[in-house]
Amino acid sequence: MKPLKVDVSDLNKSFGDNHVLKGIDFKVANNEVVVLIGPSGSGKSTLLRCLNRLEEPTSGKVVIDGNDISDKSTDIDKARQNIGMVFQHFNLFNNLTVGENIELAPTELGKDNKEEARALAKKLLQTVGLEDKYEAMPQSLSGGQKQRVAIARALAMKPDIMLFDEPTSALDPEMVGDVLAVMKDLAKDGMTMVVVTHEMGFAKEVADRVVFMADGKVMEEGSPDAIFDNPQNERTKSFLEKVINV
Amino acid sequence: MKKIFVLFSCIFSFTIAGIMFSQSTVQAAEKTYTIGTDVTFPPFVYANSNNKYVGIDMELIRAIAKQEGFNVDIKPIGFNAAVQSLSSGQIDGVIAGMTITDERRQKFDFSTPYYESGIVMAVAPKSSIQNLSALKGKRVAVKTGTSGADYANSIKDRYGFKVVTFDDSDNVYNDVKNGNSAACFDDSAVLNYGVKTGLGLKIVTKPTNTGKYGFAVQKGKNQELLAKFNSGLQKLKKNGKYAQIIEKYTGAAATSSKKASNQKSEAESHTFFGLLKQNKDALLSGVWETIELTVVSIICATIFGVLIGLLGVLPSKFAQGASTTIIYIFRGLPLLVLALFIYNGIPSLTGSKIPAFVAGIITLTLNEGAYTAAFVKGGIEAVDVGQMEAARSLGLPFGKAMRRVILPQGLKIMVPSFINQFIITLKDTSILSIIGILELTQTGKIIIARNLEGFKIWTIIAVIYLVIITVLTLLSKWVERRVKD
């Protein structure tokens, strides 16, 4: 068996009285691509944000690469360097150029010197097909371009695992393909990925495993074929019917 | 960004160092006493046309100081501030035509009386009021804290008039002249002098409620100074110098010589240009003091405000609470109250003096800084929370994320507020006239106390403020453009 990259056990998260995650157990193996699907409000994004402690777990254990993220004494900044994250709304740093966006963390955190960071930024921009945007300001980019820069920015820290929080939900339909293509390449290269998305096509094609969540619980999980062609859980069935009918 | 911050820190440290240094160099060989007075009280204290402080009290204290071998540092802070500053030990003595009363004796030790005077009533030249009974239902103007005010308050119910109080004699007289008040009560020597020098009021009653003027020190303190005053006064009385001074300001000779000088001053100083020329030096030094106050407090308030604002966005409940509390307190206090509290209140608590300039800077730093902190906090909070999340998700610690990502964006949001605050700070320096800082407004008050040209002098002062504000605005816009690029 491959070593576990993500090992979440009995994770609970509440916002005030709102019990969002109810005893989640969730594991991801090395090089595995896991897609989280489910109706909105089911807790997918919250689970994802607990993996790098953007949300503080209320109880339970989150272990990434053998590091207990939920333990307060863990150096969270150090742990996050190995966990890349891509947001629905891109969150590019508006005060910096595309190049600076990518180089900021590696240089500030002493991972690369200026030249190394620059070379890496250019190489990553090439991978996402935006080598001519190095000097551009984020405001001048389209949504799809922004998201590809955001992916390059996360990759610049050379993370072992990438988290994607609905990366295509805020994009115009014609932009979605470019972003998904970049993600597919990443998966092909063996990146461990946890993806929250509504792109069922992507899930079918790229995921090693699909996890269906509802009401703060994991309802069903399995291979894409199993989930999409032969769902067992009633909630999964009705959800897929709605999504595919749209 | 970094450069601007370093620059600000440098200026800040230099300012503090400068203040410290200027304080430590004040020490002189001969003992110097700080004496508070009110320079709107001729013939006892006033500024002459060269803006030197003259009058009976001034000549007396200087003659006594010379006789007894000490130095005096005259602080023209106004009667109220002088009395409060003496209570709190900010100054060593007060000589301002102060009547010795039992109430005052509880707080102060008085010298042997150096002048005896009574209260008279003055009315506008065309007024038909001749006696106290004619005041029924009318308004009477007095100056706060004077024996004229005490007298008016003691008889107002009997004669059925209302009392309005002003901080300056000039405002008292103007209120009577323009008919808002029917009469005013003031010291007979003061009013006599005023009438002789063209005040434009007439005296209609005989002096009453005779009072004695004394030099005051804080009770139980500065007894050495009090003893020196008494012995000096006695010597001056013996050698005829005392009589000479009194004669100079109240005698028959004073009247004729005053007339001459009055005509002369009329010839030169009733036009805007004449007034400007005559008061050039005083106005320039007032402008300079205002600019100094403005620049130093803008720098201090900006640093203080940014620090408190940043404290308010730290991920710690304690830091946020501290920031909110500081903003709440110093934004909530009226500037005037804060200035008086720091200048008079703090020395009462700690026992050590604060120079008025430093007290003024502290006041503005706290008050303007609180406003600055509020918009700094607001500006940072206005930056999309996703920016911080993205920075933290890359492994950047809070401080680095703040400095490299959030602050540069927040600063752009804050720039217009900063410019606005700079202009408010400039205007707020005028409030510091209350603690006797000789800035533009206080300079204006003193000039008007002498020449009674209120409208023209305030016009000149208003124009000067507008000019400074325009320069400050242009400077800020220039900085704004630099920051935006």
Side-chain angles (χ1 to χ4, degrees), chain A residues 45 48-56 69 75-97 100-111 117 137-139 146-147 149-165 170, chain B residues 1-6 8 306 309-310 313-321 375-418 479-485:
Chain A
S45 286
L48 197 72
R49 289 162 61 85
C50 281
L51 299 184
N52 66 353
R53 218 164 89 189
L54 280 184
E55 300 296 350
E56 204 83 45
I69 298 285
D75 181 352
I76 190 65
D77 292 327
K78 189 108 190 94
R80 280 172 179 160
Q81 295 184 19
N82 287 319
I83 311 171
M85 187 161 198
V86 175
F87 299 83
Q88 180 178 359
H89 295 287
F90 334 125
N91 299 348
L92 292 184
F93 306 137
N94 296 320
N95 56 316
L96 303 175
T97 64
E100 288 165 343
N101 260 276
I102 300 171
E103 293 158 14
L104 179 68
T107 51
E108 280 288 329
L109 297 171
K111 216 164 171 120
M137 290 306 285
Q139 295 86 323
K146 281 182 188 169
Q147 196 59 298
V149 172
I151 294 171
R153 178 176 69 180
L155 291 173
M157 287 302 291
K158 306 185 183 86
D160 298 332
I161 171 168
M162 286 283 285
L163 312 177
F164 292 85
D165 189 3
Chain B
M1 259 305 286
K2 214 188 252 177
K3 273 184 199 154
I4 294 176
F5 186 73
V6 170
F8 268 145
V306 168
L310 289 179
V313 294
L314 287 183
S316 144
K317 286 266 176 291
F318 177 77
Q320 288 173 11
F375 70 68
V376 165
K377 211 173 129 193
I380 291 169
E381 283 164 353
V383 176
D384 178 21
V385 62
Q387 298 282 310
M388 181 53 103
E389 285 186 350
R392 295 305 304 275
S393 79
L394 288 164
L396 289 168
F398 178 83
K400 280 186 175 163
M402 193 46 103
R403 195 164 52 81
R404 294 301 307 273
V405 177
I406 310 301
L407 277 185
Q409 296 183 52
L411 193 66
K412 276 190 189 177
I413 302 173
M414 296 170 211
V415 164
S417 308
F418 268 115
V479 173
E480 184 179 5
R481 274 199 302 275
R482 299 284 300 243
V483 171
K484 285 254 157 95
D485 289 344

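In what follows, every chain begins at residue 1, and chains take the letters A, B, ... in the order their sequences are listed.
In terms of non-hydrogen atom pairs under 4.5 Å with chain B, the most contact-rich of A:E100, A:M157, A:R153 is A:R153. Residue with the most contacts toward chain B among A:E108, A:R53, A:Q81: A:E108 (heavy-atom pairs, distance under 4.5 Å).
Interatomic distance, CD of B:E389 versus CG of A:L54, reported as 5.0 Å (0.5 Å rounding).
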Listing, residues 375-386 of chain B side-chain donor-acceptor contacts under 3.5 Å, not counting sequence neighbours, or none:
unit_1	atom_1	unit_2	atom_2	d
B:D384	OD1	B:G386	N	3.2

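Under the 4.5 Å side-chain criterion, counting only non-hydrogen atoms from C-beta, A:M85 is not in contact with B:L394. Using a 4.5 Å heavy-atom cutoff, the side chains of B:P397 and A:L109 are in contact.
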**OP:** Could you walk me through whether B:M388 and A:N91 pass the side chain to side chain contact (heavy atoms under 4.5 Å, CB included) test, one step at a time?
**Re:** CA-CA 9 Å; B:M388 181 53 103; A:N91 299 348; over 6 Å; no
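Taking every heavy atom of both residues into account, B:A390 and A:F93 meet most closely at CB-CE2, 3.9 Å.
When heavy atoms are compared at a cutoff of 4.5 Å, A:I83 approaches chain B solely by way of its backbone atoms N, CA, C and O. Contacts of A:L92 with chain B are made by backbone atoms alone, with heavy-atom separations under 4.5 Å and no side-chain atom involved. Contacts of B:A401 with chain A are absent, with no heavy-atom separation under 4.5 Å from either backbone or side chain.
Looking at A:N95, its side chain does come within 3.5 Å of a backbone N or O of B:R404 through a donor-acceptor pair.
Judged as a salt bridge (charged side-chain N to carboxylate O under 4.0 Å, His left out), and not counting sequence neighbours, the contacts of A:E55 are A:R49.
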